[in-house]
Engineer: 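Structure provided below as C-alpha cells; questions to follow.
Order of the sequence lines fixes the chain letters, A, B, ..., with proteins taken first and strands second; residue numbering starts at 1 for each chain.
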Amino acid sequence: MVRRAVSQAAGRQDAGRQALKPVYTACLGIAGCGLILAACLIESPTVTAARNVSEAAEHTTFNPAAMPYSAMPVMDHPASGSGSTAAANAAAFTPPPSSAIPDTPFGVMVRRGELIFTHTGRYAGQYVGNSLNCSSCHLDAGRLAGSAPMWAAWVRYPRYRSKDHKVDTFGERLQGCFRFSMNGKSPPANGKVIEALEAYSYWLATGAPADKNLPGYGYPKLASPPQPPTYASGKSVYEQKCAVCHGPEGQGQAADGVQVFPPLWGSHSYNWGAGMSSVKTAAEFVQANMPLGLGGTLTNQEAWDVAYFLDAHDRPQDPRFNGSVASTRKKFHNSPWSLYGAVVNGHLLGGPSAVRK
Amino acid sequence: MSWRIHNHAVSAAAARDSKQVATGTHNFAYNQSRITAHAQLNQIAAPKSDEPMMLTSLTIPAAARTRISVVCQNARAMRRSARGCAMAVVACLTVMAGPAFASTPNAAAIAHGGNGHGAVACAACHGAEGGGQAVSGIPRLAGLNAIYLQRQLESFRDGTRRSPVMTSIAKALTPTEQQALARYYSEMPIPAAAASSTGTAASDALGREWALRGRWSKQAPSCVACHGPDGVGVGANFPPLAGQPDKYIADQLQAFKDGTRSNDPLGMMRHVAAAMTEKDIQAVSAWFAAQSARPQGDRTQGGKR
C-alpha cells in the first residue's frame, strides 16, 4: 500500500514532471526568444546612426531643406557675386595653354582627348546618348577652377567612391561619365576614347602637385539656403537668368547642326544617374559658374532654388533602374538631394515616362 | 510647417505610386488631390511662352468680305455689260486691296522706299539684298532672327542702343512697321559676301583665341559658346557675327564697353567687352568678319584660319 502510495506519489511526481516538461520547454523557448529579441532591439550606436539618417532621408526625401543644415560645411568663398569666383580661380593652378601641346604621338593623343572633351557627340559618338559635351559642365575645356577641372581630377584618383562602393581608377571614373552624364555607354577601359581623355587630363595637370584636394577642384562647397528651395522660386530664377540661353522649356538651343546651349532636362539631357541630378551638386555648379561668364553673381538662395527646379523635371532613366522606382531610389538616390521618385506636378520623376534606353 | 507635412504625404504617395508603377496598375487619379495641393503650395503657373509674336499676315477682314460679296453680286447682275464687268472687277480688287494695305505695312516698300514719314529706305544703307556695307561698318540684316531685329529697332527707340542714323529712323517707324520689317529681313536669303581679311597672322591667332576659347582668366567665355559655331548666330538673343563687317563688330564691342549699348540680356556683353583691350577687339572682329555667314550644316570647330 505504501509502495502503491509511493509509486503513486512517484507516478504523480513523474506525471508531474511529465506535465511540467512542456512548461519547461515553453519557458526555455520564451527565454530564448527574449534573448534574441533583446539582441535585435538593442542596436549598436553605428546602426542607430545609420537608421536615423535613412529615416530622416525617407521623411524629408523631397525637402532638401530638412537636412541638418547646421552640419553643412561653410562655403570656401562668399556666395554673393562680387568677382569672388575670379579671385578664387586666380589662386588656383593654371594648366598649360593648348598651343603647348607637343607635336609628338603623345601630343596627338592629347589633342584627340581635347576634341572628345569639347565635341563629345562627334568624336566619341558611339558612347554618347545625348547632346551634351564634357565641357558642358567642365567649363573651358576642363581647365576652369571651380568647374570640376580635369587637372585637379587627375591627381584625385584612384579613390574610393561610395557611388560604386569600391576604389575607382581615373579611367573607371570617366566610364561613369559616359554612362550617366552622357546618357550613353561606358567606353572600354583600355580603348582609345578613355586613353585620349586620360592623356588630355594628365597633360592638363603638367606641373600640378599630386594633391587630392587641389584648390579649385570640383565645385565650391555651398552653404545652405536661408529658405527651403521651392519649385516656384526656382522657376522664377530660371525664367529670368537661364531661359535666355537654355530655352523656356530647358531644351537648350542649337545652330547649324551644333548644340550650343545644352538641354537641362528631358530626353536629351543627362540621366538620373548623373552627379548633376543631385540638387546639391547642381546648386554648387550653378552658383560658381552660371550664367556663363557671370559665375558668382547668383545668390546662394537663387542657386539652390534653380537647382531644385532643374531636378524637379524628368530626364532619362537611371541605367541602374531595377524595375521599381521606390527600390531604385532607396538603393541609389536615398538622399535629401535627389528628387528621383518624387511626384512633382502630378508626375512621378523617374517613373514610366522617364526615357529608358 | 505645411511644406514638411506635404512632403511627407507626397513621399507616401510616391511609395504607393511606384508600387503601382511596378505592378503596372499606376492610377494617376489618386494623385489629383496632391496635384492641387502641390500646385497651390508651389504656385505653379503654366510656363510662359517664349514663342515669337505672331506676325500679322495678309487677311481680309469680315466687313470687307461682305462688301466684296455685295459688289460681286452686283457684278453678276451686270455681266452682260462688258464695261460693267470691268468695273466690277476693279471694284472687287480695290475693296480687297484697300483694307489689306491699311492694316499690314508693306515691308518691301518701306525697305526700298521709306515709309513716307521720317524713315528712309533701309536698302539705301543696308543694301538692296540686305547684305550691309562692309567698308562703312553697316551690318547685314538679311537672314537675322526676326525677334532680334525687332528688339534692336525698339532699343534704338528707347535709347538702350544709340546711333546717330538709326535712332531717328527707328522712332519714325511704328511698332507694326518695325515688326513687318524685322520679318521681311529675317526671310531674306543670306547673300554670298566676299570674306574680308584685314588681319596679320598674329592678330588672327589672337582673334581665333578669343572666338574659340575666350579669356577665362577674366571670366570671359569664348564668343562661339553663345554666338554658335563660327559665330553663325543662335536664336533671338545671340546674333550672327560670322561675315559681319569687322568695323561693325568692333563698334558694337566698343559700345558695350563704354555703355552706350546696354540692351544685352543679363549684361553679358558688357561684362565680356569690359575684359577686352582695343587690340583684342580689333583681332576678334577681323576673325569673325572672315567667317562664312551661310549655314553649313556641319560646323564642328575652328572655322577659317
Side-chain angles (χ1 to χ4, degrees), chain A residues 58-63 65-66 83 85-86 89-90 94 98-99 115 118-119 122 139-141 143-144 228 230-232 235 239-241 243-245 247-249 253-258 260-261 291-296 323-329 341-346 348 350-352, chain B residues 1 3-4 7-8 10-11 13-15 17-19 21-22 26 28 31-32 34-35 38-39 41-45 47-51 205 209 213-214 216-222 224-230 232-235 237-238 265-268 271-272 295-301:
Chain A
E58 196 60 38
H59 289 298
T60 60
T61 293
F62 314 124
N63 175 27
T85 303
N89 292 353
T94 305
S98 190
S99 53
L115 283 174
T118 52
H119 299 83
R122 183 173 181 87
L139 300 186
D140 192 17
R143 298 166 169 274
L144 189 65
T230 66
Y231 185 95
K235 184 167 187 281
E239 286 170 350
Q240 290 168 39
K241 304 276 176 86
V244 63
C245 297
E249 304 298 332
Q253 292 189 68
D256 209 6
V258 172
V260 179
F261 301 110
L292 193 66
L294 295 173
S324 150
V325 175
S327 162
T328 303
R329 180 186 167 88
V343 176
V344 176
N345 294 338
L348 176 66
Chain B
M1 289 159 75
W3 49 258
R4 211 182 280 248
N7 284 332
H8 181 69
V10 169
S11 79
D17 288 337
S18 49
K19 284 201 198 92
V21 165
H26 191 98
F28 282 100
N31 288 318
Q32 285 308 312
R34 276 161 186 79
I35 295 170
H38 196 89
L41 182 69
N42 288 301
Q43 299 154 29
I44 292 156
K48 279 193 200 123
S49 170
D50 201 28
E51 289 295 325
E209 186 195 317
R213 291 193 179 273
W216 279 101
S217 58
K218 296 183 177 181
Q219 271 205 298
S222 64
V224 299
C226 295
H227 287 276
D230 295 342
V232 73
V234 181
N237 295 315
F238 305 97
L266 302 180
M268 289 188 285
H271 166 79
V272 166
Q296 293 169 5
D298 188 24
R299 296 192 199 241
T300 54
Q301 41 98 34

Engineer: Test A:N345 against A:Y231 for side chain to side chain contact (heavy atoms under 4.5 Å, CB included), laying out the working first.
Structural biologist: CA-CA 10 Å; A:N345 294 338; A:Y231 185 95; 3.3 Å; yes

Engineer: Quick check for you: among B:M268, B:E209, B:R213, which has the greatest number of heavy-atom pairs under 4.5 Å with chain A?
Structural biologist: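 Result: the option with the highest number of such pairs is B:R213.
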
Engineer: Taking A:D140 for its side chain and B:W216 for its backbone only, find out whether a donor-acceptor pair lies under 3.5 Å.
Structural biologist: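 No: the side chain of A:D140 does not pair with the backbone of B:W216.
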
Engineer: Between B:H227 and B:V234, is the side chain to side chain contact (heavy atoms under 4.5 Å, CB included) condition met? List the steps.
Structural biologist: CA-CA 6 Å; B:H227 287 276; B:V234 181; 5.8 Å; no

Engineer: Would you check if B:P229 and B:V224 make a side-chain contact, meaning some heavy-atom pair closer than 4.5 Å?
Structural biologist: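 Not in contact.
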
Engineer: Can you tell which of A:S98, A:A141, A:P291 has the highest number of heavy-atom pairs within less than 4.5 Å of chain B?
Structural biologist: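 The candidate making the most pairs under 4.5 Å is A:S98.
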
Engineer: Output the option from B:S222, B:A225, B:G233, B:G267 having the highest count of non-hydrogen pairs under 4.5 Å with chain A.
Structural biologist: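 Among B:S222, B:A225, B:G233, B:G267, the one with the most close pairs to chain A is B:A225.
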
